[in-house]
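Here's the structure we're looking at; comments come further down.
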Amino acid sequence: MAFWLMKSEPSVFGIDDLRAAKAKRTEWEGVRNYQARNMMRDDMKKGDRVFYYHSNCDVPGIVGLAEVAKEGYPDYTAFDPKEKYYDPGSDPQNPRWYMVDLRYKRKLKRTITLTELRDHRPLSNMKLLQKGNRLSVMPVASKQWDYILTLE
DNA sequence: GCCAACGTTGGC
DNA sequence: GCCAACGTTGGC
């Protein structure tokens, strides 16, 4: 089993939205970055664990846990001109973009903030903390996953 | 293939 | 709202 971190803006779709969703699941549509696409299409497996991270908000940080409920499949929102994430370059016969489904597991007892994560040397090589990192999907080392959970 | 222009991300 | 960092686009 592998571990991941996925970013979402709470004003768009936060951890509470995931918890309130039907069957506590959602389709992770709209990722339009090739690195993130590759991970969702090729590497994320059903049952993998996911840190749910709130970005672009007052207190950025890890707020909850989710899991991969469905492995990579074509992001059909790219095919529909009415969709916000429409991409005329994605052909249904040869999809450019992929997504996974996530299932809510639980909220953390408290937000483990970005600022706090930066204070822990064992986490210093996390992708999340690297300068200029903008990936919305990234792997987390299992040791770092465990370490972060001890901070809760 | 180079690189300037542009758009987006996301912390602050 | 600002702006640094980065990815993408497109002219050449």
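Remember, predicted model here, so these are calculated numbers, not experimental data. For the numbers below, each heavy atom of this structure counts, side chains included, while hydrogens, waters and symmetry mates do not. All chains are named by letter (A, B, ...) in the order of the sequence lines, taking the proteins before the strands, and each is independently numbered beginning at 1.
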I need the single residue from A:V59, A:T113, A:V63, A:I62 that forms a side chain to side chain contact (heavy atoms under 4.5 Å, CB included) with A:H54. Which is it?
A:V63
Which protein N or O atoms sit under 3.5 Å from an N or O of nucleotides 1-5 of chain B?
none

Restricting to salt bridge (Lys or Arg N to Asp or Glu O under 4.0 Å), what partner residues turn up for A:K24, sequence neighbours left out?
none
Would you mind reporting whether A:I15 and A:Y104 have side-chain heavy atoms less than 4.5 Å apart?
yes
Of all heavy-atom pairs linking A:G72 and A:Y98, the shortest is C-CD2, 4.1 Å
Would A:W97 and A:Y34 count as a close aromatic pair, with their ring centres under 6.0 Å?
yes
Where at least one partner belongs to residues 135-148 of chain A, residue pairs that pass side-chain hydrogen bond (donor to acceptor under 3.5 Å, both in side chains), sequence neighbours excluded:
A:H120-A:Y147, A:N125-A:Q144
Nucleotides 7-12 of chain B: protein proximity per nucleotide (B base, S sugar-phosphate only, - neither; heavy atom, under 4.0 Å):
BBBBB-
Positions of residues 72-97 of chain A (non-hydrogen atom under 4.0 Å from DNA chain C), listed by number:
none
Any side-chain heavy-atom pair of A:Y73 and A:E27 under 4.5 Å
yes
Given a cutoff of under 4.5 Å between side-chain heavy atoms of I, L, V, M, F, W and Y, with clusters grown through shared members, what are the other residues clustered with A:Y86?
none
Exercise: identify the closest heavy-atom pair between A:M138 and A:K127:
SD-CB, 3.7 Å
To check you understand the geometry: which heavy-atom pair defines the closest contact between A:L117 and A:I148, and what is its length?
CD2-CG1, 4.1 Å
